[in-house]
Amino acid sequence: REAHVAAARLGEGAGVAIVVSLRDLTEQRRSERMRGDFVANASHELRTPLASLLGFIETLQGPARNDPAARDRFLEIMRSQANRMSRLIDDLLSLTRIELKAHVRPRDEVDLAALARSVADSLAPLARERGVELDLAGASTPVMVRGDRDELTRVAENLIENAIKYGQAGKRVEVSVRENGTAPSLVVRDFGPGIAPEHLPRLTERFYRADVADSRDKGGTGLGLALVKHILQRHGGRLTIESALGAGAVFTAELQPASSSSEGERLLKRAS
Ligand code: ADP
């Protein structure tokens, strides 16, 4: 209706105005629908562990009141459910924060190789638990990129942690950092069951999982790769995923080299 009112006011020659306004409204509706879906998904994801927590509390107050063994077991499950809710809220907040600054390019210089080594160190206990050997052969010489250290740490954590979790227990995960001229990259390869082609294009959508039960079992929130994608976009980079069933998976995070100047800087240089 807004478009019609605008057209009526403009009178003749308002055809272009109508088209533009209608397109804006469609775009607005689409983004409203997406926001609505997101809130519905997030609420559902939070409600599941919450319902389980409430159920266990009732059991502990009732039938299991005098059963110390059951109590300990239930408290352990409740702790893991509460942890899951906490991770989910952290990821939701991170996504919102990244989106708010989506149009600001991070400016610091970060050594991607050192960052990958430190993230791998912090994930060594998880790798040991799964019997996975973290192979960092390709991350020894410095590779300087432009970015935000905390956000890039998040990217490396999500990709390496996924490779450990969804790769094959007892097999290798390779982490390498490549100079690649204009597109330095972090490459994480696992030798696990891989990803079916129908899931590949949707993996970076919020809450999308190839196997929901498996992801929940492994403590996933379904937001990790969405976060990775948004962080890389804000960095002027991108994520590519190559995989086939039975053939493991390769996740490549491409970034901008620290030496590259921004569009603004290039224009300034040209003008001076
Ligand atoms: P989650 O919190 O579920 O791990 P992500 O956004 O990090 O969420 O990943 C989305 C889904 O992509 C996972 O649930 C899993 O199904 C799939 N996935 C991610 N990494 C891998 C991998 N290395 N191998 C196989 N599947 C993967």
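One-based numbering, in listed order, for ligands and for the atoms of each. Note that the coordinates shown come from a computational prediction; the quantities given were computed from them, not determined experimentally.
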Novice: In ligand 1, which numbered atoms sit nearer than 4.0 Å to a non-hydrogen atom of Asp190?
Specialist: 22 (C), 23 (N), 24 (N)
Novice: Starting from atom 24 (N) of ligand 1, what is the nearest protein heavy atom, named by residue and atom, and what distance separates them?
Specialist: Tyr166 CB, 3.5 Å
Novice: Under the side-chain contact (heavy atoms from CB on, under 4.5 Å) criterion, do Asp148 and His235 qualify, and how do the steps go?
Specialist: CA-CA 8 Å; Asp148 176 296; His235 281 71; 4.0 Å; yes
Novice: Using a heavy-atom cut-off of under 4.0 Å, does the side chain or the backbone of Lys165 touch ligand 1, or both, or neither?
Specialist: side chain
Novice: Is there a donor-acceptor pair under 3.5 Å between the side chain of Arg87 and the backbone N or O of Gly219?
Specialist: yes
Novice: Geometry only, no angles: is Gly224 polar-contacting ligand 1 at N/O separations under 3.5 Å?
Specialist: yes
Novice: Does Gly222 come within less than 4.0 Å of ligand 1, judged by its heavy atoms?
Specialist: yes
Novice: Who's the nearest protein heavy-atom neighbour of atom 10 (C) of ligand 1, and how far?
Specialist: Tyr208 O, 3.5 Å
Novice: In Å and rounded to the nearest 0.5 Å, what is the OG1 to CG distance from Thr59 to Asp67?
Specialist: 11.5 Å
Novice: Checking Val187 against Phe251 for the side-chain contact (heavy atoms from CB on, under 4.5 Å) test, could you report, in this order, the C-alpha distance in whole Å, the side-chain angles of both residues, the deciding distance, and whether it holds?
Specialist: CA-CA 6 Å; Val187 184; Phe251 286 74; over 6 Å; no
Novice: Tell me the protein heavy atom at minimum distance from atom 7 (O) of ligand 1, and give that distance in Å.
Specialist: Asn162 ND2, 2.9 Å
Novice: Identify the closest protein heavy atom to atom 6 (O) of ligand 1: which residue and atom is it, and at what distance?
Specialist: Leu225 N, 2.8 Å
Novice: How far is atom 25 (C) of ligand 1 from the closest protein heavy atom, and which atom is that?
Specialist: Ile195 CG1, 3.4 Å
Novice: Whether the Ser52 and Gln81 side chains hold a donor-acceptor pair (N or O, under 3.5 Å, no angle test) is what I'd like checked.
Specialist: yes
Novice: Among protein heavy atoms, which lies nearest atom 12 (O) of ligand 1, and at what distance?
Specialist: Leu203 CD2, 3.4 Å
Novice: Considering non-hydrogen atoms of the protein only, which is the closest contact for atom 16 (O) of ligand 1, and what is the distance?
Specialist: Ala210 N, 3.0 Å
Novice: Could you tell me which residues satisfy salt bridge (charged side-chain N to carboxylate O under 4.0 Å, His left out) with Glu76, sequence neighbours excluded, listed by chain and number?
Specialist: Arg79
Novice: Do any heavy atoms of Thr221 fall under 4.0 Å from ligand 1?
Specialist: yes
Novice: Name each donor-acceptor pair under 3.5 Å that joins a side chain in residues 124-135 to protein atoms two or more places apart or in another chain, with its distance.
Specialist:
from, atom 1, to, atom 2, distance (Å)
Arg130, NE, Ile164, O, 3.0
Arg130, NH2, Ile164, O, 3.4
Arg130, NH2, Lys165, O, 2.9
Arg130, NH2, Gly167, O, 2.9
Asp135, OD1, Ala137, N, 3.0

Novice: Tyr208 and Val212: same hydrophobic cluster, using ILVMFWY side-chain contacts below 4.5 Å?
Specialist: no
Novice: Looking at atom 14 (O) of ligand 1, what's its closest protein heavy atom, distance included?
Specialist: Arg209 CG, 3.1 Å
Novice: Working to the nearest 0.5 Å, report the span between CD1 of Ile98 and CD of Gln233.
Specialist: 11.0 Å
